[in-house]
Amino acid sequence: MQEYRFSEIESKWQHYWDEHGTFRAENGSKKPKFYALVEFPYPSGHGMHVGHIKAYSSLEVVSRKRRLQGYNVLFPIGFDAYGLPTENTAIKTGVHPRQVTDENIKKFTSQLKRVGFSFDWSRVVDTTEEDYYKWTQWIFLQMFEHGLVFRDKTSVNYCPSCKVVLSNEDSQGGKCDVCHSEIVQKEKEVWYLRITEYADRLLQGLETVDYLPNIKLQQQNWIGKSTGAFVNFKIAEQDEELRIYTTRPDTLYGVTFMVMAPEHPMIEKYRAQIANMDALDAYRAECAKKTEFERTQLVKDKTGVRIEGLTAINPLTGKQIPIYVADYVMMGYGTGAIMAVPAHDTRDYEFAKKFGIDIIEVIKGGDISKEAYTGDGEMVNSGELNGITNKKDAIEKVLKVLAAKGCGEAGVQYKMKDWAFNRQRYWGEPIPLVHCPHCGIVAVPYEELPLRLPPVENYEPGTDGESPLAKVESFVKCKCPKCGGDARRETDTMPQWAGSSWYFLRYCDPHNPDALASMDALKYWLPVDWYNGGMEHVTRHMIYSRFWHKFLYDIGAVPTDEPYAKRTAQGLILGSDGEKMSKSKGNVVDPNDVVDQYGADVLRLYVLFMGDYEKAAPWSDSSVKGCKRFVDRIWALQDMVIDGDSYRPAVQTVMHKTIRKVTEDIESLKFNTAIAQMMTLVNELYATGGINKAELRTLLILLYPFAPHITSEIFEQQGFGILSDAQWVEYDPALCVESEVEIVVQLCGKIKAKIMIPQGADEAKAVEIAMADPKVQEALAGKTVRKQIYVQNKLLNFVAN
RNA sequence: GCUGCUGUGGCGAAAUUGGCAGACGCAAGAGACUUAAAAUCUCUCGGUGGAUACACCGUACCGGUUCAAGUCCGGUCAGCAGCACCA
């Protein structure tokens with residue numbers, strides 16, 4: 001046997017697959033289709049991370065297996081290449097982001113190829129290429145035409161370091177997602193996509209798809225649907241109504257004050273009529289200074305100021321109620337104002353205690369002198385609601401009363417907000433809209449797409465939150481497509497999430513010049529059968545892309561309502577210190593190093609063998625060696641090959657068991673146990689002193705999805721042909737069990753003996769054999785068996801005393 | 001604070017979903033081969049006692065259900081993740 005020179009063998013097979021187009025997916029093939037999708041990478045300058053390898057390895061294994069099972073598999077890859085790090089490199093070095101991107105993509109491509117992933121390289125997409133972002137802009141314009149794009153001046157999340165407006169999703173926890181600086185609030189005109197219009201459908205759609213339960217749950221929480229009521233409170237001093245949203249209309253009799261958000265428009269409207277406007281202005285200025293983080297996290301104490309000159313009237317009791325301004329009420333949720341029921345809401349309770357406001361109990365069951373009671377109970381002090389004992393009935397009743405008086409109705413609210421859809425950055429898709437002094441906002445005509453990024457001298461954004469594009473007169477100045485007069489282009493670009501919201505559609509038909517993809521191709525491939533990626537993308541990327549997809553479905557551009565039939569997520573690879581890998585900690589593992597030292601097959605095996613695929617696991621250099629040893633033992637099997645075209649009796653059971661376990665475990669992401677079973681098989685083969693041709697052939701096929709290079713090489717050398725053309729192997733369930741099995745004999749649940757009985761023996765037979773065993777006889781001596789439990793092929797338990 | 005998940009050897013983990021706890025791998029120890037080391041091969045490897053057979057204990061902690069609990073139920077503690085004044 002020759003030496004195992006993995007780098008030669010691996011590059012030989014990578015070239016073979018490339019030249020033969022082994023992994024090309026065929027549109028419209030008669031074979032059953034399987035569309036496996038992994039999250040395309042952002043091509044950063046640092047190259048790939050072992051985390052990428054783990055993320056792609058699962059569906060890589062599934063894809064290779066499915067091809068051997070006769071499927072037409074689409075397993076594509078691409079690059080989500082717009083984004084800040086590339087632009088920041090450009091700012092630092094002056095190199096054009098296009099060039100930076102191209103270099104990074106080249107680097108990623110070579111790394112991916114070295115690992116031997118079976119991607120269809122003829123379908124690569126790059127979100128920054130003209131014939132791709134043309135269609136991103138096209139979708140945006142379709143949304144614009146359908147009223148899903150709007151402009152609004154609101155307080156936005158602004159990162160002072162990146163000088164950019166961020167969506168809520170990009171500024172979770174009050175920190176910028178990219179540079180982790182504190183986010184501040186800033187008034188700005190921004191573009192929004194009306195994703196809230198799809199909130200209910202995004203929620204309902206979850207019932208029709210096969211996502212892991214925790215993924216569904218996170219999406220549900222993100223959408224955050226609540227049901228309740230809108231109630232209008234008349235203002236005593238003015239001909240005006242204050243509209244509020246509440247989930248507890250049943251507590252309406254317990255309202256003792258109202259609260260408006262500091263930004264509530266009614267404050268400005270009645271500026272002249274409010275007696276203490278100075279105090280209010282001072283308070284509001286203080287709130288505006290606070291970052292979102294301070295406002296929601298640090299401040300435990302309730303603050304606020306009463307509005308003097310405006311009083312609300314409880315629509316049910318006619319009682320006058322004071323109104324406060326307080327920053328514990330947010331303008332962005334509900335109506336920006338609430339009715340406060342301190343007896344039954346913990347926040348209102350704190351506020352009332354601090355400001356000495358009345359607390360009126362309307363639900364019995366708690367002790368409101370100590371804390372708010374949020375549970376269920378009998379209604380009291382509540383007029384017509386008195387005596388009702390459950391929340392549901394009380395709400396039903398109060399809604400009827402409100403409807404009769406015309407001052408309120410049932411309603412739903414979502415936590416999810418509309419999607420702030422622009423960045424003041426260069427390296428993104430230009431927003432194809434024009435500001436015309438006569439016609440207003442006008443869409444760039446479809447024929448003019450793509451609207452290209454112009455060259456700029458300086459990629460640095462303006463300090464006032466303006467895009468670098470604003471400085472390019474030749475880009476900004478244009479003619480209005482409607483009236484032909486002088487107009488100005490929108491200079492903001494789209495956020496990074498735009499291109500990734502539809503990339504899986506382009507894969508189906510990546511070179512189509514006339515549509516984002518042909519309907520035929522989409523009908524053939526959609527939905528994506530299995531999508532794997534990180535947990536960090538299940539609320540943002542996945543909700544955005546589901547939203548776009550549903551919109552495209554509504555306008556007839558795609559054939560399915562939901563894009564992804566199934567979604568799973570891999571766990572992180574931690575550094576060997578158990579911490580998250582990061583450059584600053586110096587615990588990052590470069591996949592190239594592993595490939596250099598041990599080969600791609602070892603890397604692939606290790607990332608799947610290291611633990612539960614869905615859980616985080618620390619990297620261990622020495623454990624990688626275990627996989628290396630396994631691969632070496634596979635290579636060494638070539639010296640032990642004997643003739644034989646069927647499994648030898650001594651290993652027949654373990655062969656069938658292994659086929660079954662590997663076949664099943666791959667489908668349920670249990671790669672670690674699939675590999676363990678193959679190791680067990682190899683150990684047993686070594687113990688028999690050899691392996692015959694039939695056994696070797698089967699073993700190579702089972703191992704091929706994990707370690708395709710070494711298995712392809714041995715397969716060829718043994719004269720079995722080209723492994724990627726082979727068929728997956730079958731098992732016989734009847735042969736997965738030995739003819740004799742060991743069972744445990746227990747006395748009252750304690751193990752007393754182990755006996756061999758024929759496989760599938762009935763209870764009488766098992767008892768007969770057990771009774772003949774001296775240890776069993778000893779254990780049962782002098783005892784009366786009152787009951788016996790027999791589990792076939794497992795155990796026999798005597799209950800005796 | 002709310003929601004969800006997880007707690008098993010020195011380490012990464014298995015356990016057909018209530019039926020032999022610790023498969024497989026790493027690390028460690030002993031032996032073989034070697035001038036030697038590496039590599040490879042063989043054996044040991046949860047704890048306590050015992051020379052061995054073996055016995056007892058053991059899946060975060062306390063309690064319960066059951067012939068039988070890592071698995072189910074109730075409570076406690078710890079860790080992780082997501083959301084976070086959502087009215």
Side-chain angles (χ1 to χ4, degrees), chain A residues 172-174 213-214 217-218 220-222 224-226 228-229 244-249 251 259 261 292-293 295-297 299-300 302 326-330 332-341 344-348 350-351 413-417 535-536 538-539 571-572 574 576 578 605-606 609-612 614-627 629-630 632-633 636 657 660-661 664 670 672-683 686-687 736 742-751 753-754 786-800:
Chain A
Q172 291 183 60
N214 54 332
L217 195 78
Q218 275 200 30
Q220 280 162 3
N221 289 342
W222 190 260
K225 182 176 181 171
S226 85
I244 61 98
Y245 176 74
T246 179
T247 54
R248 298 296 304 271
T251 62
V259 185
E292 183 87 9
F293 183 72
R295 199 165 150 179
T296 58
Q297 320 260 319
V299 185
K300 292 269 187 288
K302 294 282 179 289
D327 66 356
Y328 80 91
V329 172
M330 306 293 152
Y333 184 79
T335 63
I338 61 157
M339 62 177 218
V341 185
H344 306 291
D345 180 283
T346 51
R347 294 149 304 174
D348 299 345
E350 275 176 53
F351 192 88
Q413 277 294 307
Y414 300 92
K415 283 190 204 174
M416 188 168 70
K417 292 177 190 160
M535 278 310 288
E536 70 275 20
V538 306
T539 47
L572 287 177
L574 305 172
S576 41
L605 277 164
Y606 177 64
F609 181 64
M610 62 193 295
D612 184 334
E614 295 172 50
K615 281 205 275 197
W619 184 269
S620 158
D621 282 320
S622 59
S623 288
V624 179
K625 284 187 212 146
C627 291
R629 275 184 205 138
F630 176 58
D632 286 342
R633 277 161 75 83
K657 254 162 86 174
R660 180 171 70 184
K661 187 128 185 79
E664 287 173 356
K670 287 156 85 178
N672 51 341
T673 50
I675 295 168
Q677 180 62 35
M678 288 189 277
M679 288 173 167
T680 305
L681 171 63
V682 171
N683 291 346
Y686 268 81
C736 291
E742 189 187 62
I743 69 161
V744 192
V745 184
Q746 299 180 328
L747 176 61
C748 296
K750 295 249 179 206
I751 298 156
K754 294 178 183 182
R786 297 200 324 215
K787 193 175 169 187
Q788 64 193 31
I789 291 122
Y790 177 61
V791 182
Q792 202 175 62
N793 298 340
K794 290 270 156 55
L795 91 166
L796 178 61
N797 186 14
F798 294 107
V799 184

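Chain identifiers are assigned alphabetically (A, B, ...) following the order of the sequence lines, protein sequences preceding nucleic acid strands; residue numbering begins at 1 within each chain.
Using a 4.0 Å heavy-atom distance criterion, A:Ile789 is classed as a base contact. Using a 4.0 Å heavy-atom distance criterion, A:Arg660 is classed as making no nucleic acid contact.
Applying the 4.0 Å criterion to OP1 and OP2 of B:A87, one finds that A:Tyr245 has every side-chain N and O outside that range. One finds no side-chain N or O of A:Asn672 lying less than 4.0 angstrom from the OP1 or OP2 phosphate oxygen of B:G12. Contact annotation: A:Thr346 does not reach the phosphate of B:C85 (side-chain N/O to OP1 or OP2, under 4.0 Å). Checking the phosphate oxygens (OP1, OP2) of B:A39, no side-chain nitrogen or oxygen of A:Arg629 falls inside 4.0 Å. A:Lys670 has a side-chain polar atom (N or O) that falls below the 4.0 Å cut-off from OP1 or OP2 of B:A15. One finds no side-chain N or O of A:Asn797 lying less than 4.0 angstrom from the OP1 or OP2 phosphate oxygen of B:U66.
A distance of about 44 Å separates the P atoms of B:A84 and B:A69, rounded to the whole Å. Comparing B:G18 with B:C67, their C1' atoms are spaced 12 Å from each other, to the whole Å. When the P atom is used for both B:G22 and B:U66, the distance is 27 Å, rounded to whole Å. For the P atoms, the distance linking B:C61 with B:C77 amounts to 15 Å, nearest Å. When the C1' atom is compared between B:A78 and B:C62, the two are found 15 Å apart, to the nearest whole Å.
Judged purely by distance below 3.5 Å, without hydrogens or angles, the side chains of A:Asp621 and A:Tyr606 never pair a donor atom with an acceptor atom.
Under the Watson-Crick or G-U wobble criterion, with both distances below 3.5 Å, B:C5 is paired with B:G79.
Distance from the side chain of A:Lys754 is smallest for B:C20 among the nucleotides B:C20, B:G25, B:A81.
A straight line from NZ of A:Lys225 to P of B:A87 spans 14 Å, rounded to a whole angstrom. When rounded to the nearest whole Å, the span between CG of A:Asp612 and P of B:G7 equals 10 Å.
Judged by atom type and distance alone, A:Lys787 does not reach the base of B:C67 through any side-chain donor-acceptor pair under 3.5 Å. Counting distance only, with no hydrogens placed and no angle test, the side-chain atoms of A:Lys625 and the base atoms of B:C26 include no donor-acceptor pair under 3.5 Å.
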(request) Would you sort out whether A:Met339 and A:Thr251 count as a side-chain contact (heavy atoms from CB on, under 4.5 Å), showing the intermediate values? (result) CA-CA 10 Å; A:Met339 62 177 218; A:Thr251 62; 3.7 Å; yes
